[in-house]
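Reviewing the structure listed below.
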Amino acid sequence: MAIQAVRGMKDLLPPEAPKWRFIEATAREAFAAFGFSEIRVPILERTELFARSIGEETDIVSKEMYTFEDRSGDSLTMRPEATAGVARAFLEHKLHATPGPHKLFTIGPMFRHERPQKGRLRQFHQLDCEVLDDAGPQSDAELLVLADHLLKVLGVAKVQIVLNSLGCPECRPSFKQALLSYFQDKQGRLCDDCNKRLANNPLRVLDCKQEDCKEIAAGAPLISASWCPDCSEHFDQVKRLLGLAGVSYALDPKLVRGLDYYTRTAFELKTGELGAQDAVGGGGRYDGLIQALGGPATPAIGFALGIERLALLIEDRPEWQSGPALFIAALGEEPRAWAFGAACALRKKGLWVEMSASDVSLKAQMRRANKMNAAQVLIVGGEELKAGAAPLKDMASGDQTDLPLDEIVTRLAAAGA
RNA sequence: GUGGCUAUAGCUCAGUUUGGUUAGAGCGCCAGGUUGUGGCCCUGGAGGCCGAGGGUUCAAGUCCCUCUAGCCACCCCA
C-alpha cells in the first residue's frame, strides 16, 4: 500500500491555503491592535512540563500525549497546548523581571493522540493569546473583547461566548465539598464515568451528557454560591467591562474546564454548527500556573482558538480566487521564446504572469487562461513578432486592443503595479 | 481508549440485498466542432488491481475474517 499521512494528520492543499492565510493574517492584525507581541516556542518540551502544568490526572496527560524518549533517554512530548510552553519560556527568560503585563500570542500546531473526527485532528492548529503578570479583571475582559472582535472580523457568526468563574484556591474547595456532599447519597444513580469524576474532578459531573446525571446535576449547588468576595467582585468587574465594550455573552454556572490550572474566569466560544466538537475556542485565568512551575506568583489568563474549527465556519471568498494579471498565449518557437523573456521581466516587476508550459493550440491556451482567471491575455504569433505589436485581450469584457511589444514591460508594469 | 457506520474514476456517488460475460453516471480533465481566440452548447477520448491483505466459491466490487483510513457518538477537548 502506498504510504499515507499519519492518522489524524492532514495536508493543507493549495485551494484551502488562502483561507488559512486569511485567518492568520486577520488574527495577527487583531492581536497587534490589542497590543500582543508574538512569541514562538518549541513544539517539543520535556514531558515533565505538561505533567506539572496540565495535571497528572487529566486525560490529556494520562493518555493523549505524543510522548517518547529521544536518543539521550529524555522523555519529550509534542505540545498538546500552547500555554505551558509559553509559561516555561516566560520563566526561563525571566520576563517577569521586566515590566508587565506581558501580552503574548503564538500560532502553531498542537498534538493530541485522540480518535480523529471532523474538526478534531491529532495535529491541529491554534491561535493562542496569553496575558502574563496581571491579575485585574481588565485583562480578562480585554481578552474576551479581542476574541469576540476576531470572530466578527473573520466573519464567524453563530458563536456564543459562554462564561463562568471557577473560583480560586480560597473558595473552590468549599464548593467541591458542597458538591461532594450533594452527590454523596446519589452516587448509585450516576453513571460510571460520573462516579470516577466524583473522585477526580467533581466539577465535571456537572456537564455529563447522560440524562440521569443531568437531572441530578440540575439540583446541585451552584459555584456562584461559593465564590469568595474577591472572586465575586472580580467576576462582576469582568461582566461590567464586557458590557461597556458591547460584548454579549451567556453565563453558564455549570461550565467547567478540563485543565487543573484554571482559576476564576473560564470561558468557551461555542457554536452549534460543528456537532459534538462545539467549541471553537476556550480559555481562562490560571493564576497558579507560573508558581506551580517554580516561578514567582504570577497571575495570568489566556485563550486559544482552533484554526481548523474556524476554517469550517468560514466560507471561501471570491477575492481569494484571483488569477494572473496577464497570460501570454504564444504560438510557435520564436514567439514562445519572446514570451518567456517578457513574462520573466514582468514577474520581476512583481506582476503575476503566466504562459503555457508547452506549445499547444491557441484555443487550449485561451481555455487555460480562462481557467486560471487571468485578467488579460496577450496573443503573440510569428506575425505579431514581425509587426512588433500584438492583441491584448481583456478577459472580462472580451475587448482586444493592439499593444506595441517593445513597450509591454513598461506599459503593463505601470498599469498593473 | 470504547461503540456504531463507511471505503468503487481527480471529486460526489450508483452498482453490494438475491455472487455470473468488457464496472457506470454527473462534475472535472484532454481533444474536436473555427488555419490563431476563453466562458455556453454539441461530439469524442483518457482515467478504476472496486482502501490493503487473506479466505469461501467453478466464479467475488458483491459473502466471511484481519488490517488501514474516514465519518458519527462517547471519553475528553480547540
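Fair warning: this is a prediction, and the values are worked out from it, not measured in the lab.
- With A:V380 as the partner, the side chain to side chain contact (heavy atoms under 4.5 Å, CB included) test is satisfied by one option alone out of A:I408, A:I328, A:L331: A:I328.
- Residue A:Q277 is in base contact, counting any heavy-atom pair closer than 4.0 Å across all strands shown.
- Taking atom CG on A:N370 and atom C1' on B:C40, their separation rounds to 11 Å, with Å as the unit.
- Using cut-offs of 30° and 60° for the angle between ring planes, the A:F22 and A:W320 rings count as tilted.
- Ring-plane geometry between A:F105 and A:F31 is classed as tilted, the angle between the planes lying from 30 to 60 degrees on a 0 to 90 degree scale.
- To the nearest whole angstrom, the two C1' atoms, one in B:G1 and one in B:C76, are 11 Å apart.
- The pair A:E38-A:R40 meets the salt-bridge criterion, with a side-chain N (NZ, NE, NH1 or NH2) lying under 4.0 Å from an Asp/Glu carboxylate O.
- Searching all strands for a Watson-Crick or G-U wobble partner of B:U2 with both distances below 3.5 Å returns B:A73.
- Taking atom C1' on both B:G24 and B:U8, the two are 10 Å apart, rounded to the nearest angstrom.
- In the set B:C77, B:C75, B:C30, the nucleotide with an atom closest to the side chain of A:K63 is B:C75.
- Of the charged side-chain nitrogens involved, at least one lies within less than 4.0 Å of a carboxylate oxygen, so that A:E114 and A:R120 count as a salt-bridged pair.
- Of the candidates B:C76, B:A69, B:G4, the closest approach to any side-chain atom of A:R120 belongs to B:C76.
- Side-chain atoms of A:Q4 stay outside donor-acceptor range of the base of B:U68, with no qualifying N/O pair under 3.5 Å.
- Look at A:D140 and A:R285 and you find a salt bridge, because one of the NZ, NE, NH1 or NH2 atoms lies within 4.0 Å of a carboxylate O, short of that distance.
- A:G332 comes within 4.0 angstrom of no nucleic acid atom, judged by non-hydrogen atoms across all strands.
- Across all strands shown, B:G55 is found opposite B:C63 as a Watson-Crick or G-U wobble partner, with both distances under 3.5 Å.
- Applying the 3.5 Å distance criterion, the base of B:G70 shares no donor-acceptor pair with the side chain of A:R115.
- Remark: P of B:G28 and NZ of A:K371 are 8 Å apart, rounded to the nearest angstrom.
- No donor-acceptor contact under 3.5 angstrom links the side chains of A:T298 and A:D133, judged on distance only.
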Exercise for the section: Test side-chain hydrogen bond (donor to acceptor under 3.5 Å, both in side chains) on A:E130 and A:Y286 and set out the steps. Expected result: CA-CA 10 Å; A:E130 314 284 345; A:Y286 49 95; 2.4 Å; yes
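- Spacing between B:U21 and B:C29 at atom P, rounded to whole Å, works out to 34 Å.
- Straight-line distance from the CD atom of A:Q376 to the P atom of B:G38: 18 Å, rounded to whole Å.
- Contact annotation for A:E308: no contact, since no heavy-atom pair falls under 4.0 Å across all strands.
- At the heavy-atom level, A:A369 lies nowhere under 4.0 Å from the strands shown.
- Contact check on A:E142 versus A:K103 returns a salt bridge, with a Lys/Arg side-chain nitrogen under 4.0 Å from an Asp/Glu carboxylate oxygen.
- Using a 4.0 Å heavy-atom criterion, one finds that A:I379 contacts the bases of the nucleic acid, with or without backbone contacts as well.
- The gap from the P atom of B:U62 to that of B:G51 amounts to 8 Å, rounded to the nearest Å.
- Note: CG (A:L312) to P (B:G70) measures 15 Å, nearest angstrom.
- Of the P atoms belonging to B:C63 and B:C27, the separation is 30 Å, rounded to the nearest Å.
- Nucleic acid contact for A:L121: base, since at least one base atom lies under 4.0 Å from a heavy atom of the residue.
- More than 12 heavy atoms of other residues, nucleotides or ligands lie within 6.0 Å of CZ in A:R88, so this atom counts as buried by the packing criterion.
- Listed nucleotides: B:G36, B:A73, B:G70. Nearest to the side chain of A:P116: B:G70.
- Distance, A:D128 CG to B:C77 C1': 15 Å, rounded to whole Å.
- Atom CD in A:Q117 sits roughly 8 Å away from atom P in B:C74 (whole-Å rounding).
- A donor-acceptor contact under 3.5 angstrom links the side-chain atoms of A:K393 to the base of B:G38.
- Regarding A:E16, its CD atom lies at a distance of 13 Å from the P atom of B:C11, rounded to whole Å.
- On the P atoms, B:A14 is 23 Å away from B:G4, given to the nearest whole Å.
- Nucleotides B:A60 and B:G54 have their P atoms positioned 14 Å apart, rounded to a whole Å.
- Judged by atom type and distance alone, A:E384 reaches the base of B:G36 through a side-chain donor-acceptor pair under 3.5 Å.
- The 5' end of RNA chain B is approached more closely, in terms of each residue's nearest nucleotide, by A:G398 than by the other of A:E114 and A:G398.
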Strictly under 3.5 Å: I want the nitrogen or oxygen pairs between protein and nucleotides 31-35 of chain B, one per line.
residue	atom	partner	partner atom	Å
B:A31	OP2	A:R367	NH2	3.0
B:G33	N7	A:K363	NZ	3.2

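- Sequence order on RNA chain B of the closest nucleotides to A:K10 and A:L362 puts A:L362 first from the 5' end.
- A:R7 comes within contact range of the sugar-phosphate backbone alone, with a heavy-atom separation under 4.0 Å but no base atom that close.
- Using a 4.0 Å heavy-atom cutoff across all strands shown, A:E383 reaches at least one base atom of the nucleic acid.
- For the P atoms, the distance linking B:A46 with B:C64 amounts to 35 Å, nearest Å.
- A:E64 places its CD atom 14 Å from the C1' atom of B:U2, with the value rounded to the nearest Å.
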